[in-house]
Amino acid sequence: GSMLTILGLLVFPLVWCAPQALVASELIGMFPEDSGFVAWITHSFGRFLGFQEGLLLWTSGVADNALYPVLILDYLTYVFPIFKMPACRQAATCFIILA
């Protein structure tokens with residue numbers, strides 16, 4: 001029920017996010033470079049896996065950012081039904097992408 005959700009929201013940052021932040025801060029201190037994960041993985045596992053990490057980070061960033069205009073427009077469709085019309089939806093999508 002809702003108690004498990006609240007408990008999860010309170011416990012999750014302590015169990016997952018705090019240790020991850022501590023590891024990242026330690027690695028940032030050891031590798032004062034701009035590349036972050038790519039530098040860490042390249043140093044630990046070699047150039048091939050470092051390249052793989054960079055490619056996967058870039059791919060996930062592109063896919064993630066492509067979803068935001070669609071999600072915003074879907075939410076706005078509930079409030080403003082005019083966005084159900086294809087011409088308005090396309091114009092709004094272009095506006096959101098260019099903004």
Side-chain angles (χ1 to χ4, degrees):
S2 60
M3 186 61 181
L4 287 175
T5 302
I6 293 171
L7 184 65
L9 288 173
L10 293 174
V11 171
F12 181 75
L14 298 174
V15 174
W16 180 263
C17 299
Q20 188 176 15
L22 291 173
V23 168
S25 66
E26 188 72 27
L27 287 170
I28 288 168
M30 292 174 61
F31 295 92
E33 300 177 22
D34 290 335
S35 55
F37 290 112
V38 176
W40 307 339
I41 291 176
T42 301
H43 180 74
S44 299
F45 301 110
R47 292 182 62 196
F48 178 71
L49 289 178
F51 172 76
Q52 289 282 327
E53 174 64 19
L55 182 66
L56 291 173
L57 278 173
W58 180 81
T59 305
S60 69
V62 168
D64 188 40
N65 289 332
L67 291 174
Y68 291 128
V70 175
L71 287 174
I72 290 170
L73 220 46
D74 283 345
Y75 290 138
L76 286 176
T77 302
Y78 288 111
V79 179
F80 305 108
I82 193 169
F83 290 124
K84 289 182 181 178
M85 296 171 40
C88 293
R89 188 171 181 87
Q90 289 172 353
T93 303
C94 290
F95 177 76
I96 291 171
I97 289 171
L98 295 175

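Each residue takes its place number in the sequence, starting with 1.
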Q: Spell out, as yes or no, whether a donor-acceptor pair under 3.5 Å connects the side chain of D64 to the backbone of S60.
A: no

Q | Hydrophobic cluster membership, F37 vs F51, 4.5 Å side-chain cutoff | A | no

Q. Side-chain heavy atoms under 4.5 angstrom apart, residues restricted to Ile, Leu, Val, Met, Phe, Trp, Tyr: same cluster for L57 and W40?
A. yes

Q) Transitively linked via ILVMFWY side-chain contacts under 4.5 Å: V79 with I96? A) yes

Q: Find the distance between CE (M30) and OG (S25) and round it off to the nearest 0.5 Å.
A: 11.5 Å

Q. Is it the case that one hydrophobic cluster holds both L56 and F45, taking links as side-chain heavy atoms less than 4.5 Å apart, direct or via other members?
A. no

Q. Once you round to the nearest 0.5 Å, how far does CD of E33 lie from CG of L27?
A. 11.5 Å

Q. Is any side-chain heavy atom of T42 less than 4.5 Å from a side-chain heavy atom of L49?
A. no

Q. Is I41 reachable from L55 through a run of I, L, V, M, F, W or Y residues, each pair having side-chain heavy atoms under 4.5 Å apart?
A. no

Q. Between the side chains of D74 and Y78, does any donor sit under 3.5 Å from an acceptor?
A. no

Q | Qualifying residues under ring-ring contact (aromatic ring centres under 6.0 Å, His included), relative to F95, sequence neighbours excluded | A | none

Q) How are the rings of W16 and F12 set relative to one another: parallel (under 30°), tilted (30 to 60°) or perpendicular (over 60°)? A) parallel

Q: Decide yes or no for T77 and R89: does some side-chain heavy atom of the first lie under 4.5 Å from some side-chain heavy atom of the second?
A: yes

